[in-house]
Each structure stands twice: as structure tokens, then as C-alpha cells.
Amino acid sequence: MQVKVFVTPRKGILDPQGRAIEGSLASLGFKNASNVKVGRYITLEIAAASAQQARDEARRMCEQLLANPVIEDFRFEVEGE
Amino acid sequence: MQVKVFVTPRKGILDPQGRAIEGSLASLGFKNASNVKVGRYITLEIAAASAQQARDEARRMCEQLLANPVIEDFRFEVEGE
Amino acid sequence: MKEQPVALPGEPKVDLEQARGHGLAPDEYAKIEKLLGRTPTFTELGVFSVMWSEHCSYKSSRLHLKKLPSKSPLVVQGPGENAGAIDVGDGWAAVFKIESHNHPSFVEPYQGAATGVGGILRDIFTMGARPIANMDSLKFGSFDHPRTRYLLGGVVGGIGGYGNCVGVPTVAGEVMFDPAYNGNILVNAFCLGLVRKDEMMSARARGPGNPVIYVGSATGRDGIHGASLLASAEFGKESDAKRPTVQVGDPFTEKLLIEACLEAGKTGAIVAIQDMGAAGLTSSSSEMAARGGLGIELDLDRIPLREAGLTPYEILLSESQERMLIVGERGREAELMAVFEKWDLHAVAIGTITEDRRWRARWHGQTVADIPVGALADEAPLYDRPAAPRKPLPTSHPPQDGRVKEGVTPSAGLRALLDSPNVASKKWVYRQYDSMVQSNTIEGPGGDAAVMRIKHSIRGIALKVDSNPRACALDPYLGAVATVCEAARNVACVGARPVGITNCLNYGNPERPEVMWDFVRGVEGLRDAANAFGAPVVSGNVSFYNETEGRGIMPTPTIAVLGSMADFSKHVGQFFRNPGDAIAILRTARPSLAASEYAATFGVDGGALSPIDLAKEAALVDALVGGVEDGLIQSAHDVSEGGLAVAIAEACFNPAGNFGAEIDSARLGGTDAAGLFGEGPSTVVLSLRDVDVARVEKLFAGRGFEFSVVGRVTREARLKVSSVFDEDVNELVRIYREAIPRRLKGGD
Amino acid sequence: MKWGVVRFPGSLDDGDAIWALADVMGQEAFILWHKEESIRGAECVLLPGGFSYGDYLRTGAIARFSPIMKSVAKFAADGGLVIGICNGFQILCEAHLLPGALTRNRTLSFICERVHVRVENASTPFTRAAHNGDVLRLPIKHGEGLYVAPEDELRQMEERGQVVLRYVDASGRESDDANLNGSTRAIAGVANERFNVFGLMPHPEHAVEPMLGGTDGLKIFQSIAQGPR
Ligand SMILES: Nc1ncnc2c1ncn2[C@@H]1O[C@H](COP(=O)(O)OP(=O)(O)O)[C@@H](O)[C@H]1O
Ligand SMILES: [Mg+2]
């Protein structure tokens, strides 16, 4: 099953990358862009019997490896839901 | 308007990150995960009159800055569509 | 057994047109048919096209590179292997080489530069040497050009991103900005490694029946035809279409390869080893076989693939990074495999060494290529291309708005030069590089040359890379000579004797007689200068076709000089150290504005280059090293971009605290623009203790170059040249440090 | 004292740590391979700098799961001394043996420079040979050294004295310019609550010889060599 994981910087945690991009966008003339946040977008295949099982696995993968709870939030979608 | 941008490694382009994560997941016991790809997930606000205008801006931002066309593909969603 | 290779279903038909499309000339294609006695298969055509490309075959340059001196009592390995090697004492050989990655870096600056570093590293550890230092020589377009900032950021990021991640310090380099590189940047990467003289590895296959082992990353479609199309043809409108899949570097895998290959080497079970660089599996396998006068048979079904469905053509021509090809000793495969397994690397036996001097590839049970090994290597075309002199190229450009014109005051001139990106501090660049890892860096970036110690020894190695394209544009011969002199002088300034040279010759399209002329004269200049310093050229690389839509770069021979030190603790830096010390200059001739940064900055005609007396240059280097070894010299700084005034200023910019200088203008022999800001031939700024002046005078007397005391070091941080200017050094430092960061912040 | 220096795939300053400890200081130091299960009697475990596993995903995120890390965690839980330098610091944070996390420098670029750090707590086993307020000159070389942690946690850490090193200028004063990577509260090094685990971004092992950038790094290793308190 196809799983999409979204890892985003926690609120209140510095996101220098986002700020830098905001700056470059402005200097490129995109003055009306704001609140830029940069996260990670991870896609993977999970060989699972059910969407439920895939969801459980995906959650554990995120908790154990894909995201760092100190600085990041995660969210995922199992394809076909 | 809220815009979500997904930047992913182009097909056929080496994705060392994806490979490293796949290996690590396997050693963590997630043997049934495969085809891991790592990209960027960028969210931003665009002050635009219409969804159409937001889309046009978003596309140009991707082409000019957010994605590197030589090695990356991009896709974006304008919220409320 | 010799069998007819089969054409694979769906493969394009092979004919002259197809050959042309592969960048092969009609007579080259005819030669291929003659060598094979038949029409090549599509796979074979691809193989020939990369092996006979300029990049791999050196067909336009081979004839002339032969002229370069490659022998000396210290040479352990001359040209012919993956890198050259020089004896640096205590049983150690210094293995080094420089290589270009110009075209890929222009297409994708970060990955292009990163994979350039990866490639040169592999050339070094292939020799069994542990890489201990990197250098990079970079040329960009003018700062005002729209792409320059992007390219600069990407290239520097890529060099750091790769070098930092494999644990090899980047200890020196150079950066230049000039409109001549707007459409073709240059990225030349150098690597130095150390190996026990008797433990060097080779790329010469031996022993029919020995297994051929593939180690490292899986093979993908990366950079197919990178060698033949990107590095062997001009950029043009259509080059986007032809553009191969960009190679992406994986420095982590490279680090594992370094450790694993060096460890595997210690088992003694490696017969030969070579990296899969340009033309990947094809060149590495055929070159190892050719060196050993043997044949090789490859089983393409066993090649680890990154994606399904690669054709034999793609597998053989792929330039996927971080892959090594090893000829192992038959029966000891397990020993080798164990090492690679320990390092989590994928290793597979993919073929065997054969007697029959044929290069053969099998796939799905059939032969897809069967070529005499010699045809790919020795039989490659060799051209004596026509060369015709040309007028000197312009090296200065109409002053840009806001810039001061001729007739500028010395003070304004000094400030403008310190603010020029070509003169200004390159710290913005080198602070992005780890220059300390491995704990051997005695002098990192920021001095005239880097100084590396050899652990458990008092011996040291100094290194610097330089180029002087503007001088080459005025006179391709003298320019090359001047470049070698500058690199040698930089190395001598820290107290090391030049013992070896490597070079990367960056030129335009060799099919143009005037470009060929530049090249030939450049090689001759390198030859004569190398001979004068007794420093053989043990390795190098040629990069032609640095042209975009007919506009070529300035001739740019990039020269790296390796210096040997009996005792690294005796080295000196470029900065003044003690107030009251005498400031002296060593000089082989009066400087001129020809090819100077001053001329370029202010748009003035600097005139023609003055001749260079190589005997004097060698004498100056020899005397300078002697003086440092005898501990008579407190600091030495080579005069280069910006001339004497800038060099004296730089010597004041001591990071531990700025000094000042009081210079008696009467002793400078001219305080006109040429006297203050002229460049070359050689001048060196020294500081000495008063008590040593007499001895130094004696030491240098009658060596044919000028030695004169011109002033002294002051604690007060002011740079005073009597009746010329009196500047606040702290302010000069600010200009010097801010020049590049300011422009990147979008200042101007 | 016996030092175990862990070698992960992609470790780079492991050799430098051994050089500093064994060749320069004459201590007993050996390499612990990441696949080993035991720390073989090491009295201090050092996690060196580098790019373990290429620092793919997040710095230190993958190395944290190496077999050796189980025994390192156990050793730490039993009060054993553990020091993480640069990538080692990042790994300790990922392994939750230290609070907080290290993210992209505010410059978004790798920074290799000699900087100054002030000893904020000289009573730890890692800083004992120094005094509060001492200024050490050490090199940093990293792309992701910007220290972050939740505000309330930071406050507690400060109260408990877990903020051990702070970036300052040569004169010992805090200033934005001295905080090159933009760390929260200019934090350069932190200890755990028990003060037996310590992580820092600067490289003491690269400041142990006069000719290679001074000897201030010795202060850290000499402190540790005095053994657990
Ligand atoms: N691309 C680079 N990478 C590393 N170090 C560099 C680079 N460019 C310049 N440097 C360093 O900056 C200093 C000035 O460079 P350069 O102007 O070429 O010196 P010189 O004028 O003595 O030849 C040298 O120490 C050089 O090693
Ligand atoms: Mg120079």
C-alpha cells in the first residue's frame, strides 16, 4: 500500500529554511507569500494485509524514525482512504 | 490562500536518503516497507484574489525557486480545491 | 572464443548517421568497422563513442602532453595510472591529481561539483592512498551576471557537502570571477593522498582467470554519455535536449568505499582496482585489461541495477557514482567480500580476466559486445590538430558604472582592489569547508599555501593551486609559465620545496586552430617552467570544449604544485608577527599592469606581459625556502592579484590582531599604478627580525633577484606608504572581508 | 582512564579523537565498532563527529539505532560517562540521552571556524578542570548545530546548570555575532540531569596541539580523565 508521510516543523521551533525561502521569494518579487514552512515529504510502499495494518505500521515508523517529536509533527495518509 | 507544495526526486535520479531510510526501517524490523522516497513538503500562504491567481503564482514559485527542475519534480495544491 | 555479437531486438540500426549522432566522425566510424571487420552493434557503437571521445581518449591532446617532464629521482608513479605519486620522505608517497567537472557543474552546480570531488577522491584511493587533503579551483562569470550567485552557492555547497561528509579536509583553492566565464564556469577539484611507497595499488589487470568484482552503488541511468556529449562538445541550444540524467553524489557510500577499499588492499588479495568514472564500467574494465595486455569478459546480468530494464548499452555507459571495479586474486574472493560486507557494501563478481585480449560483454546468454581491447585504448584516434596564433584576447572590460576610472588616487585604487571579489577574502567560500578533519592541517585556507603534517614524522607537505587566465589570454605561453611560478612561489612562501606538479588544462574547442595554439603554447609553458623548478608533472587532466554558442573561455591552465618540507614546524605564514620587524621585498623584475586586477577593474590597457627569467624564478624560490628553513624569515607573502600594495595590506591582516606597516616609498622603485598594483613577474613580501637582515642579505646576495628592505612592521594598525597613502588597516580589513558577502546579500 | 570511541559508518572525527586521547594525552583509547554489543570495559564512551549514515533523514537519526547504542544507553543509565561531540551530540539527542535537538544553522550553510565558548558550569565531570566563566577557544565545523528545545525545558535546564557551554566572543561576552549557528540561548554544550552524559558542537579533539589551533580542548578531556565523581 502506498503511504505518504508529512513531517513538519513544530510550532514555535525555529525554521531558518522557511524564513530563508520567504526572503528569496520576496526578492524574486513574490511579495504576497508568507508563513513559509519547510518539511519533509516521504512516500513508501507498505506490504500490508489491511489499510488498518498499514496505518499502524506507518505510525510506528513515524514515531520511531521518520519524525523527531522534539521538533517535528507528523501526519500520514494511506492511499485509498 | 494556503498552498501546499510537494517536491520529489525525479524518476531515475539517485535518492540516497530514501535508500538509507529503507535500510534503517528494515533493521528496525519494518521488513515490508519498500520504495522509500524523500522529498520536501512546503506550505505557504499566498495573498491572492483568486484560486487561479494563487495557482499561477505557486507554479512560478516552484519553477523559479522551490524545486530544482534538473533533479526534482513538483506538484502543488491550493487549499479549497 | 570469438563469436558474433547479436543486435538486440528494438535496437536502432547502426550506420554512419547513427555514428554521427554519437559524436563520431565519419573516418572514426570507418576505422571502427575496419578494426572489427564488421559493422558494430548498437552497444559496441556506444562503447566506442565514449572510449574514443575527447574526454576519455585525449585524442587532441595526447601528442602534446608527451612533452611534459615526468621524471625525477622523487617520482614514484608518473602519468599512466589513476594518479601520480611523489616520494615525500620517511617511506611515504604523496599521490595527487586534479580533474575538471566544468560542464556538469554548469548544468547542476551542487551535484556537478559534489560528484567532481567524489571522482577525484576515487582516483586517489584507487592507488591505495588515504585521501588527506582537497583543493578546489573555481572560475565564475562576473558577479553582475544573473546566474553567478546561484552557481557560486551551488558549487561551493556541493564541494563542501561532499568533502565534509567523507572526512577529507579542503585546505586551499582559488576563486576568480570574470565575464569570460559567464557561459562556462570552471570547477577543478584536486585531491592529495598518502600511501606507504611499497603499498601502492595499481590498475593493471593480471592473471587470466582472476575474478572481476563490482563494488558500490547500483547502476542507474545516470550521466549516460556524460563523457562523450557533455565533456566533449560545446554547449549549444540543443545541449538541453541531449542532457543526460544528472549524476547525484552519495558521499556516505564514498566514505564506506574509501575505508573498505583501503582495508581490502591490506589483505593483498587485490590485483588491480579502478573507479568507474567517465564511461563507467566500459572504461574501467577495458583500461585495466589494456594496461595488463589481457582481455576481460563481463556478465552484465550480474551488475547490480537501481531500476529494472536497463539495456546492455545503458549498463555499459552508465556513469552512476560511487562504484569501483576490482580484479581480485582467484580463490581469495571470500576475503575481499568479507571486508565489503563489514562496511555494508554490495560486492559481486561480474566477470573474469581472459588471455585473449578481447573486451567481451554477455547479457541474457548472448554476446552483446566483442571488441579487441586494443581497439578501445591504443587504437583510439590521435589528432595533430592545426594550430594558429591569434591576437591577444582583451583582459580588461569597460569600467562598470560607479567604478573609478583611470587617474584614480592610490588610496582609492587600494580600496577598490580590496573590494574586488578576485582580491578580497575568500573566507565566505572556505569557511563552508571542513579544513581540520584528520588533524594534519598546520596551515589551512587563508595562507599562501596549505601545510599538512605527516603524523609520526616531522616531514610536511605544502600545496596550492593557481591559475592566471588573463595572463594566458595575453600570451598563452608566458601565462602558463607565470601560473606555475605563482603556485611554486606560494608553496615556497610557507617554506616548502616544489617537488611535483599536477595540472588541469581548461580550453575551448580544439577544432579551432587558435584554441589549439593556446593549448600547445600552454603545454610548452608548463613544460619549461616545470623543468626550471625540477618539479615533474605526474598527473593531470584536459578539459576542452569550454564554449557556449561559439564563445570560449580564456585559456585556463590550472596548476597545482606540491611542496616537500623536511620539518613542518619551520613553516611560516603570510602575516606580519612582530612590531619593529623589517619589511623586505624579493623581486625578479619590475611589476607591470599587464593582466592585472587593476587593469581589469579600471578598464585600462595593461600592455603586454614582460618576459619571465625562469632561472631567476627558480633561484628566488630556492633562496626563499633556504631562508625559511634557516629560521631567518618571520613571514612571507606572495604578491598576486592586486599587486604589492594589496600584498602588504594582506600581510597586516593578522587574524590574531592587525598590524600596520611603514613603507618608504622611495625604496619601492616606483609608486605609479604599476609599482603599487602591478602583478608579476615574481615579488614576495617578507618580514624579518632586524638582527637577521644582514644574514638574509648575504644569503640572497648575487642570486640574480632583487632584495630590498622597504619599511617596518608597526603595532599601530595603519598602512603608511610615505607620501602615497596612510590608511586605517581595520577599515581595509572590513572592505576585504565584506566584499563577497556584501555582494551575495544582493548589495550590488 | 579507558576510552571507547564509537565508529559508526560515516564517523569522521573518530581517528582524531583517538589521536588526541592516545597519541597526544597518552590515555588508553580504543575503537568500538557500531555493530558490537559491548563497550568492552570503557570508562568513558565518546561518540565522535562526522556524518553517521550520511546524516540522511536527520543528523544522528539512524546511527541512534546501531547495536552499540543499546549498551551505551545502559552504560549511561548506570551512571557511566558519555560524551558526544558534534555528530555525537546529535546522536545523543536523537537517542533521548540528552534533551533538545540540533537543526540547520541559521546561515543554512556549513560553518568551519574557531569560536569561543564560556564554561557555564565547571562542576560537571566534563568541565571540572576549568572554572566557571573560563573562555575556551575551540573549532566548530557543522551544518546543523542550531540547538533547540522547548522553552520550559530550557528554563529548567538553566536552573539545574545543564547548559554547560555557551558561545561568546573572545572577551567572554555574549553577542549575536558570536552565536554563529544561531543556537537558542547561544547554547554550545549541554549535560543530562545526572551530569554523566554531555554533548557539545565544538570539537575539543581538534584543539589539543599548539600547532593545530591551540590546546583548550585538553581541558574537557582532562576533566573527564579525573573519572566519575
Ligand atoms: N575555492 C577555495 N577553496 C579553498 N580555499 C580557497 C579557495 N579560494 C581561495 N582560497 C584560499 O584563500 C586564500 C587566497 O587565495 P588566492 O588569492 O588564490 O591566494 P594567492 O593570491 O596567494 O594565490 C588562499 O589561502 C586560498 O587557499
Ligand atoms: Mg592566486
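So you know, we letter chains A, B, ... as the sequences are listed, proteins then strands, and number each from 1.
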Min side-chain heavy-atom separation A:V36-B:M61 under 4.5 Å: no
Ring geometry between B:Y41 and A:Y41 (parallel below 30°, tilted from 30 to 60°, perpendicular above 60°): tilted
Contact leader toward chain B among A:R40, A:E45, A:R60, where contacts are heavy-atom pairs under 4.5 Å: A:E45
Proximal component of A:I21, with respect to chain B [non-hydrogen, under 4.5 Å]: both
Reported CG-to-CZ distance for the pair B:L44 and A:F30, which is rounded to 0.5 angstrom: 10.5 Å
B:K31 atom NZ: more than 12 heavy-atom contacts under 6.0 Å: yes
Toward chain B, the part of A:Q64 with a non-hydrogen atom under 4.5 Å: side chain
Max heavy-atom pair count under 4.5 Å with chain B, selected residue of A:L65, A:V7, A:T8, A:V38: A:L65
Enclosure of B:R59 CZ (heavy-atom neighbours >12, cutoff 6.0 Å): no
Chain A interface, residue from B:L25, B:T43, B:I46, B:L66 that has the most non-hydrogen pairs under 4.5 Å: B:T43
